[in-house]
Amino acid sequence: MLYPITTATRTLTDLSGIWKFMIDKELKEIDVKEPLPTKDVMAVPASFNDQGVISEIRDHNGFVWYETEISIAKPILRERLVLRFGSATHEAWVYINGEFVMHHKGGFMPFESEINEHVNLGKNRLTVRISNILDYTTLPVGNYTESTDEDGHLIRNVDENFDFFNYAGLQRPVKVYSTPWDYIEDVIIVPEADVTAKTAKVAFTVKTVGEFDEVKVTVFDEENQIVATAAGKETEMFIEAVNLWKPMNSYLYTAKIECITAEEVVDTYEEPFGIRTVETKEGKFLINSEPFYFKGFGKHEDTYINGRGINEAANVLDLNLFKYMGANSFRTSHYPYSEEMMRLCDREGIVVIDETTAVGLLESFNFNLDAMGGDEGVDNNTWSIMQTREAHEQVIRELINRDKNHASVVMWSIANEPATHQSGSYEYFEPLFKLARELDPQNRPCTYVNIMMSTPEADKCEELADVIALNRYYGWYMQGGDLKSAEESTRKELLKWQEMYPEKPIMYTEYGADTVPGMHGIENQMFTEEYQVDYYAMNHKVFDEIPNFVGEQLWNFADFETKQGINRVQGNKKGVFNRARQPKMVVRSLKDRWESIPDFNYKK
């Protein structure tokens, strides 16, 4: 799927702004052929929850409505017109002038439809119905229940089966773009670099709708100089003296695609891309044939007011804080991030582990590890209860289709903390890993993020993964306050993983301790800033002992909002920054460590 841009043959209209908004109390049917009966408003793109202030809006479970106007000018009315949503969380029904246009389920991926048959010259009414309901068929997974109030009205309830707030709404840009009726539908770019010779072969597949006399591909360097040209929908070109895309030192070429008929350019599109290699080999994670060491974070799309809504200023700030600390990577925990963030990472040289929405695949999730099946012998029948296969296949297809050309994406994460210690997990995941590998034209490594109960002895799926990615909380959820015992447990488990899978790289994708800014203590006092410093120092000591350990992505970059509960005080406090991006004490020691660790060849 192509990101919408303006070119010589395409126009783009951004519908960001103030939309009409209404909570659907489900007391009477909403007539989409009439204007939405409300005077309430909501900014788009952004989550509706925090903008609405009151709990009736912030904590609403069920359906909401948005409405705005689309103005169609005469010059573009003759063109093919497409309405595109960056996302709609979690399910959307779209109407124009009271007529149904499209439906999409899955809250973090783009979707679009041609709208010519639905729009008229001038003003048109766009209405969107959205559901934020999650259950055992959706990703993320939610615990859904229904009840009735004293008047017999239906009450819907979603209890998140995960540890972040269920922000929802039109959280990413909504746009209308035009193309000619014969147009470029997609572009697939597959670079193959010879790192030693400093050359590259780049394969292009251009998918079109309609017939053209010629399809031309021209590659420009960052100085806008032509470095290669080729013709055809399926073509290859060679680039001499290639500039590789490198972590923290990006270089982006631009492919200009032109579809020509009767010597006239009918449609044109430009796609930036980087040239780099990625593979796992002999316990190492190689980028451009050099052993790479991941330094960075798990994080969330989470800011004040916007909630999970796109905040490009925050994205720029976050990546600048990365660079300040010597970090080079993050995981899109626990859902695909905005296309704007992915393009920014390409530009800034930030390495990304790109994760699906598969979080909550664990029956009886809560913060008590024993209740979650902390005993590795406990089997809560997760894989006979969850009905998420269809949604899981869909998000893998949509994610790889969207992000296939991004140089920043070096690995796919198929799921976060699934119950891979329970029976049926291998049968569930084996076809999903197969699907991801079939779909990815760049053949990136695949992983899943392993939960604490899925120990080396209990795990049933690690043979499917190219990288062992572990979420571990020794010294916090287990052995809390006892860092000496936590160190022994950390070392013991990592050595066991290396013994069982000596050819696989190992990394931590989560480790952390809730820390309240300004809370201090002398020794081993949990929640204090000093404990957070000592906790990370303990883990890092062990990491450096393990030959195949290739990266540390701590949890979390910044404090973030969660559902209410006695385990969370206005959200999760594991951030090394607070939610406003102010640093906690540990930032200085992390900066010292990460600046002393090179991006490549840390462990010989």
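Remember, it's a predicted structure, so these values are computed and weren't measured experimentally. FYI, side chains are in, hydrogens and waters are out, and symmetry mates aren't considered; it's all heavy atoms of this structure.
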### Query
Is the Phe297 ring parallel, tilted or perpendicular to the Phe557 ring (thresholds 30°, 60°)?
perpendicular
### Task
Answer with yes or no whether the side chains of Arg276 and Gln442 bring together a donor and an acceptor at under 3.5 Å.
yes
Show me the donor-acceptor pairs, under 3.5 Å and distance only, between side chains in residues 227-237 and residues at least two apart or in other chains.
{"residue": "Lys233", "atom": "NZ", "partner": "Thr208", "partner atom": "OG1", "Å": "2.9"}
{"residue": "Glu234", "atom": "OE1", "partner": "Thr205", "partner atom": "OG1", "Å": "3.1"}

### Task
State whether a side-chain donor-acceptor pair under 3.5 Å links Thr9 with Thr268.
no
### Message
Would you say Tyr3 and Glu340 are linked by a side-chain donor-acceptor pair, where the criterion is simply a distance under 3.5 Å?
### Response
yes
### Query
Would the His118 and Tyr95 ring centres measure less than 6.0 Å apart?
no
### Message
Using the rule given for side-chain contact (heavy atoms from CB on, under 4.5 Å), can you reason through Glu339 versus His406, listing the C-alpha separation, both sets of side-chain angles and the distance that settles it, and then say yes or no?
### Response
CA-CA 10 Å; Glu339 294 162 282; His406 287 293; 5.8 Å; no
### Task
Would you please say whether a donor-acceptor pair under 3.5 Å links the side chains of Glu398 and His104?
yes
### Query
Less than 4.0 Å between a side-chain N and a carboxylate O, is that true for Glu69 and Arg125?
no
### Query
Relative to each other, are the rings of His300 and Phe560 parallel, tilted or perpendicular (30° and 60° limits)?
tilted
### Pair His334 and Phe162, ring centroids less than 6.0 Å apart
no
### Task
Return each pair, listed once, that meets ring pair (Phe, Tyr, Trp, His ring centres under 6.0 Å) where at least one residue sits in residues 28-59; pairs must be two or more places apart or across chains.
Phe21-Phe48
### Task
Establish, yes or no, whether a centroid distance under 6.0 Å links the rings of Tyr183 and Phe212.
no
#### Entry: Residue pair Asn132 / His90, side-chain donor-acceptor N/O under 3.5 Å
no
### Message
Does either side chain, that of Thr138 or that of Tyr144, offer a donor lying less than 3.5 Å from an acceptor on the other one?
### Response
no
### Task
Would you tell me whether Gln171 and Ser47 have side-chain atoms, one donor and one acceptor, within less than 3.5 Å of each other?
yes
### Query
Are the ring centres of Trp383 and Phe429 closer than 6.0 Å?
yes
